[in-house]
Amino acid sequence: MSTDERGETDASEQTRQLWFGVALAIIYAAYTILILALLSVDQSIALIIVVGGSVAFGLAIMIHVLYFR
């Protein structure tokens, strides 16, 4: 985060963080709806998607925050 002499966070950086959080919330909501739909079809497939998707999302967020910010 960029700061000025008084230690306040830059407004554009706060806006970027806000939209990043909003995008994550929307993706997570869609992911949850997908899992609920898969649970009604086949529980074993839903379990595989939950585990794989959670690991992939976690790695993607970590890589984005560490290397692209």
Side-chain angles (χ1 to χ4, degrees):
M1 284 189 280
S2 59
T3 57
D4 61 9
E5 291 83 23
R6 294 180 297 171
E8 295 177 1
T9 304
D10 187 35
S12 64
E13 181 66 22
Q14 286 182 347
T15 304
R16 282 183 35 192
Q17 289 177 0
L18 172 70
W19 286 114
F20 181 68
V22 169
L24 284 178
I26 291 169
I27 291 169
Y28 186 72
Y31 179 68
T32 302
I33 291 169
L34 172 71
I35 296 304
L36 290 174
L38 284 174
L39 280 172
S40 65
V41 175
D42 188 8
Q43 291 180 353
S44 61
I45 293 174
L47 180 64
I48 292 168
I49 299 293
V50 165
V51 172
S54 296
V55 170
F57 282 146
L59 288 173
I61 292 169
M62 180 186 67
I63 289 169
H64 175 75
V65 169
L66 291 177
Y67 297 111
F68 296 113
R69 292 202 130 204

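Here, residue 1 is the first one in the sequence, and each next residue gets the next number.
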- Item | Cluster overlap V51 with I35, hydrophobic side-chain contacts below 4.5 Å | no
Looking only at heavy atoms, the pair that brings L39 and A46 closest together is CD2-CB, 3.7 Å
ask   = Going only through I, L, V, M, F, W and Y residues with side-chain contacts under 4.5 Å, is there a path from I49 to L59?
value = no
Value for OG1 (T32) from CD1 (I27), rounded to nearest 0.5 Å, stands at 11.5 Å
*asked:* More than 12 heavy atoms of other residues, nucleotides or ligands under 6.0 Å from OH of Y28: yes or no?
replied: no
In short, ring-ring contact (aromatic ring centres under 6.0 Å, His included) pairs touching residues 30-58 with sequence neighbours left out are Y31-F57
Verify, without hydrogens or angle tests, whether S40 (side chain) and A37 (backbone) share a donor-acceptor contact under 3.5 angstrom. yes
_Under 4.5 Å between side-chain heavy atoms, counting indirect links through other Ile/Leu/Val/Met/Phe/Trp/Tyr residues: same cluster for M62 and F68 or not?_
yes
Q. Taking a hydrophobic cluster as the set of Ile, Leu, Val, Met, Phe, Trp and Tyr residues connected by side-chain heavy atoms closer than 4.5 Å, whether directly or through intermediates, do L24 and V65 fall within one such cluster?
A. yes
- [ ] State plainly whether one hydrophobic cluster holds both L66 and I63, where clusters connect Ile, Leu, Val, Met, Phe, Trp and Tyr through side-chain heavy atoms under 4.5 angstrom apart.
- [x] yes
